[in-house]
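Reading through the structure tokens given below for one structure.
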Amino acid sequence: MAVYPECRKKAQAEVDQVIGHSRLPEFGDQASAPYLAAILKETLRWFPVILLDNLLLNSTLSALPHATIADDVYEGYRIQVGSIGIPNSWKILHDSESYAHPYMFRPKRFIPEENGGVAEHDPTIGSFGYGRRICAGKNLVAASVWVSIATTFSAFDWSDPVDESGQTIDHIRAVQPSSSIGSL
Ligand code: HEM
């Protein structure tokens, strides 16, 4: 929110309008706050928190390994039973064919009316994993992160970061992720 003040201002305006100043957000407010829902999705997409260094392959950001339980054929490739596949979630969530300006934090990509009439791909698949082993906590996460975001906007006024002398610090847009499990 420090890096993208325009998003912060839109979120704050939505919370002021939907929730007001006399109470805290409730889960029942979710349907009336599309921008907060979009911030949640974009947060999960932009820098997904569960991306693991694949130490064996010394590769880039990926995801948890899965194994095939039967022989299979996918797009002409024969995949033997027991083969290990490691999804490249970073690529999936930053594919420019799915997401315009994928390295930018743009919640509006998930709001059709603000995105040329089309919402971009829901990042639930990818940020929470795949298939039968998809994150068992995803609904709990979606609810608790949503209420944290909403409550933070409801309880605090946000402003630009300032230095010791009160001067606004330039926003740093080139945020760099680091990877590995448990060393955030
Ligand atoms: C932002 C927070 C979270 C993210 C991004 C996340 C993401 C993930 C991912 C990517 C996987 C691997 C899925 C796969 O193998 O394809 C996973 C697995 C799992 N997650 Fe989460 N998770 C989060 C929080 C939680 C929470 C809060 C819980 C429990 C309350 C939870 C419970 C689990 C469980 C039990 C699995 C293993 C599922 C299985 O292997 O069958 N997660 N999660």
Side-chain angles (χ1 to χ4, degrees), residues 1-4 7-8 11 27 30 34-112 114-150 152 171-184:
M1 290 299 102
V3 174
Y4 286 91
C7 301
R8 179 181 84 216
F27 291 116
Q30 281 186 78
Y35 198 71
L36 292 191
I39 284 191
L40 171 61
K41 283 184 184 166
E42 184 66 336
T43 302
L44 291 167
R45 184 200 70 84
W46 194 41
F47 285 142
V49 295
I50 303 199
L51 290 167
L52 312 175
D53 259 335
N54 184 337
L55 298 174
L56 286 175
L57 300 175
N58 193 24
S59 77
T60 52
L61 302 151
S62 54
L64 292 188
H66 286 223
T68 51
I69 57 172
D71 288 341
D72 203 353
V73 176
Y74 181 74
E75 296 197 353
Y77 291 93
R78 193 170 67 83
I79 302 169
Q80 286 185 319
V81 62
S83 300
I84 293 175
I86 304 173
N88 188 340
S89 296
W90 180 260
K91 170 65 180 166
I92 289 167
L93 295 169
H94 296 83
D95 184 354
S96 55
E97 288 185 15
S98 303
Y99 302 105
H101 309 291
Y103 296 97
M104 292 188 70
F105 187 85
R106 290 175 97 219
K108 72 172 191 174
R109 67 175 81 250
F110 300 117
I111 302 178
E114 294 189 25
N115 198 48
V118 188
E120 294 177 8
H121 286 270
D122 187 328
T124 300
I125 306 284
S127 52
F128 285 118
Y130 308 87
R132 290 195 304 166
R133 304 308 294 267
I134 198 166
C135 175
K138 70 183 172 60
N139 295 334
L140 175 66
V141 170
S144 51
V145 176
W146 182 88
V147 85
S148 301
I149 295 170
T152 308
H171 300 108
I172 306 158
R173 290 192 177 253
V175 180
Q176 291 295 325
S178 64
S179 73
S180 74
I181 193 160
S183 64
L184 302 175

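This chain uses plain numbering: 1 for the first residue, then up along the sequence.
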- line: The ring pair (Phe, Tyr, Trp, His ring centres under 6.0 Å) partners of His121 (sequence neighbours excluded) come to none

field: Heavy-atom donor-acceptor pair, Arg8 side chain to Met1 backbone, under 3.5 Å
entry: yes

- line: Interatomic distance, CD@Glu120 vs NZ@Lys41, rounded to 0.5 Å, equals 11.0 Å

- line: Heavy atoms of Asn115 and Lys108 approach each other most closely as CB-O, 3.4 Å

Step-by-step side-chain contact (heavy atoms from CB on, under 4.5 Å) determination, Phe47 to Trp90: CA-CA 8 Å; Phe47 285 142; Trp90 180 260; 3.4 Å; yes

Qualifying residues under side-chain contact (heavy atoms from CB on, under 4.5 Å), relative to Leu44, sequence neighbours excluded: Leu40, Ser127, Phe128

Non-neighbouring partners of Arg45 that pass side chain to side chain donor-acceptor pair (under 3.5 Å), sequence neighbours left out: Glu42

- request: Please list, chain by chain and in numerical order, all residues satisfying side-chain contact (heavy atoms from CB on, under 4.5 Å) with Ala38, sequence neighbours excluded.
  value: Pro107, Phe110, Ile111

Pairing residues for Tyr99 by the ring pair (Phe, Tyr, Trp, His ring centres under 6.0 Å) criterion, not counting sequence neighbours: none

field: Residues which pass side chain to side chain donor-acceptor pair (under 3.5 Å) with Asp72, listed by chain and number, not counting sequence neighbours
entry: none

- prompt: Which atoms form the tightest heavy-atom contact between Cys7 and Ile39, and what is the distance?
  reply: O-CD1, 4.4 Å

query: Parallel, tilted or perpendicular: which describes the rings of Trp46 and Tyr4, with under 30° parallel and over 60° perpendicular?
result: perpendicular

task: Could I get the full list of side chain to side chain donor-acceptor pair (under 3.5 Å) partners for Thr124, not counting sequence neighbours?
output: Asp122

Would you be so kind as to tabulate the donor-acceptor pairs closer than 3.5 Å made by side chains of residues 132-141, with sequence neighbours excluded?
none

Enumerate, atom names and distances included, each donor-acceptor pair closer than 3.5 Å involving a side-chain atom of residues 73-85, sequence neighbours excluded.
residue: Ser83; atom: OG; partner: Gln80; partner atom: N; Å: 3.4
residue: Ser83; atom: OG; partner: Gln80; partner atom: O; Å: 2.6

